[in-house]
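Read through the structure below, which is laid out as structure tokens, and then see the notes.
Please read all numbers here as calculations on a predicted model, not as lab measurements. The first residue in the sequence is number 1, and the count goes up from there. All ligand and atom numbering here is 1-based and tracks the order in the structure.
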Amino acid sequence: MPKCIIDGREAEFAPGQNLIEVAKTVGVEIPYFCYHPGLSVVAQCRMCTVEIEKMPKLQTACSTAATEGMVVKTRSARAIQNQKSVMEFLLINHPLDCPICDKAGECDLQDESFAYGSPYSRYTEERRTYLDLDMGPVIKKNMNRCIHCTRCIRFGTEVAGIHEMVAVQRGNNTEITTIDGRPLETDYAGNYADVCPTGSLTLKDFRFKKRAWFLKKTSTVCEGCAKGCNMELHQDGNVIYRSLPRENMEINKYWLCDEGRFNFHYVHDQRRVLNPAIASASGLQMTDWKAGIAAAKAALAGRKVAILAGSDLTLEEAKLLLEVAPKQFGGAPVFHFGTPGIKTVLDDAPADKILKRKSKTSNLNGVEKLGIKPYAGLPAGIDAVLVVRGGRAQLPTDLDQAKSLVGIGVFNQPQVAKFAAVLPGASFAEKDGTIVNYEGREQKIKRAINPIGKSKLLPEILMMWVNQ
Ligand code: SF4
Ligand code: SF4
Ligand code: FES
């Protein structure tokens, strides 16, 4: 591999790799704002300028490819002076409101200002100010903090495939906005907040809910569809506050769709059944585990049972169900369900040109690989159904035809109004397991929080069922 020297360190590089990326490989940090590895290079902010031997002028590291024998200095007197000047320039109009900014603690502008800027400002003129503005349901804009890096504009046109963010006016008056101030239309709007290196674009869903440094992060996989995008769940005090994309160049690169990003809210839905519950004249009544399991068993006793397994269950959970079905449920047949109209992986297909799949459960491929057949209506002679699901699989609409219904897993009150018993299980955020995405890639989901309320993991529930 060709080699260059960065701050005295020998670095190997692939042809075409830019100096920012090459420097990272040898532990040298070059500060930058407008560069993003998933977007085109525009070399606008000038923060990444470095000195290169035999070149009279400073060069932008984002737009300069390393070449054999190149000698780069990122901390020379000229490079440092330029970093300071750029920081001063970028902060001229900035309100310096980190203490009340939602991005504080994870803001590139704050970090680089601290590391490369000057603690003093020579600016005495009045700063330009704008009111905070909604940009639709996902993003709130604070133009006071914008440094005009254009990452948001490029994300829209290059990744989301929609030219909805634009820069209007010029110079001191430059403003990022949507065309005619219209709400953002893309289903990938959350990524605007991710790519923004300042607190200019923030998620309405998350802003002012929790300081970034309190959040504990768990690397996991989205269960919003069969794509299997990699994500982080951020929680504090057993409450999930947000999910962010996790880089996986083979699946989702740097992005998440909004459906997947905000999917975690069902975990904390007020209507979620979090106690064992049994049917009564006045609707579902909360009870304890012993009574819940007894009622569930009684509801299935003496009947011909079918088990409906959500294709949102992990491989481990689905395997366990197949193992216990012959002994505990009289050899009940097991079928999978999850997305109306998508019975097998052959029915699944891209739902857009970016990430989304038509199958809205994460493990259709996995349950199919285990040999579980798709649900196609109640088989003749079956009069009771045990539904087991992780939380996202959509219940079939013909369940009413069964004389007796029992649920294990994640359900909301209205969904189980006709159930004889519900035993609360764990959502994707509350358990570990394996899921298989649309292309057959096995991935691990990780427990980010403990099961909420009295809910339990499926192996625990089945163990109690067997032993009671
Ligand atoms: S809003 Fe954010 S991403 Fe867009 S130009 Fe301004 S600083 Fe850059
Ligand atoms: S495309 Fe699917 S897996 Fe990816 S973030 Fe969206 S819902 Fe989740
Ligand atoms: S990151 Fe290179 S000019 Fe902005």
Among all protein heavy atoms, pick out the one at the shortest distance from [atom]; state its residue, atom name and that distance to 0.1 Å.
atom: atom 2 (Fe) of ligand 2; answer: C225 SG, 2.2 Å
atom: atom 4 (Fe) of ligand 1; answer: C152 SG, 2.3 Å
atom: atom 3 (S) of ligand 2; answer: C229 N, 3.3 Å
atom: atom 6 (Fe) of ligand 1; answer: C146 SG, 2.3 Å

Provide the number and element of each atom of ligand 2 under 4.0 Å from a heavy atom of [X].
X: K227; result: 2 (Fe), 3 (S)
X: K356; result: 1 (S)
X: L355; result: 1 (S)
X: G228; result: 3 (S)

Hey, which atoms in ligand 1 end up nearer than 4.0 Å to a heavy atom of [X]?
X: C149; answer: 3 (S), 5 (S), 7 (S), 8 (Fe)
X: L201; answer: 1 (S)
X: T150; answer: 5 (S), 8 (Fe)

Test of understanding: given a 4.0 Å heavy-atom threshold, classify the contact between K141 and ligand 1 as side chain, backbone, both, or neither. neither

Salt bridge check: are [X] and [Y] linked by an N-O gap of less than 4.0 Å?
X: D7; Y: R9; value: no
X: D236; Y: K216; value: yes
X: E259; Y: R392; value: yes
X: D102; Y: K140; value: no
X: E316; Y: K431; value: no
X: K227; Y: E250; value: no

Applying ring pair (Phe, Tyr, Trp, His ring centres under 6.0 Å), run through F411 and F419 and close with a yes or a no. CA-CA 11 Å; F411 298 92; F419 280 46; 5.8 Å; yes

Would you say the rings of F214 and Y241 are close, in the sense that their centroids are separated by under 6.0 Å? no

Nearest non-hydrogen contact with atom 7 (S) of ligand 1 belongs to which option: D194, T177, I147? I147

Parallel, tilted or perpendicular: ring planes of Y35 versus Y32, cut at 30 and 60 degrees: perpendicular

Anything under 30° is parallel, anything over 60° is perpendicular, the rest tilted; go ahead and classify H36 against W255. parallel

If only side-chain N and O atoms count, and only distance matters, is there a donor-acceptor pair under 3.5 Å linking K446 with T218? no

Check the side chains of S76 and E51 for a donor-acceptor pair under 3.5 angstrom, ignoring hydrogens and angles. yes

Would C222 count as a contact for atom 4 (Fe) of ligand 2, in the sense that one of its N, O or S atoms lies under 2.8 Å from it? no

Give a yes/no verdict on whether any heavy atom in I176 is under 4.0 Å from an atom of ligand 1. yes

Within less than 4.0 angstrom of ligand 2, does L256 place any heavy atom? yes

Do the side chain of S359 and the main chain of A226 share a donor and acceptor less than 3.5 angstrom apart? no

Output yes if C257 passes the N/O/S-under-2.8 Å test against atom 8 (Fe) of ligand 2; output no otherwise. no

Does a side-chain heavy-atom distance below 4.5 Å link N248 with Q443? yes

So what's near atom 2 (Fe) of ligand 3, protein N, O or S atoms under 2.8 Å? C48 SG, C62 SG

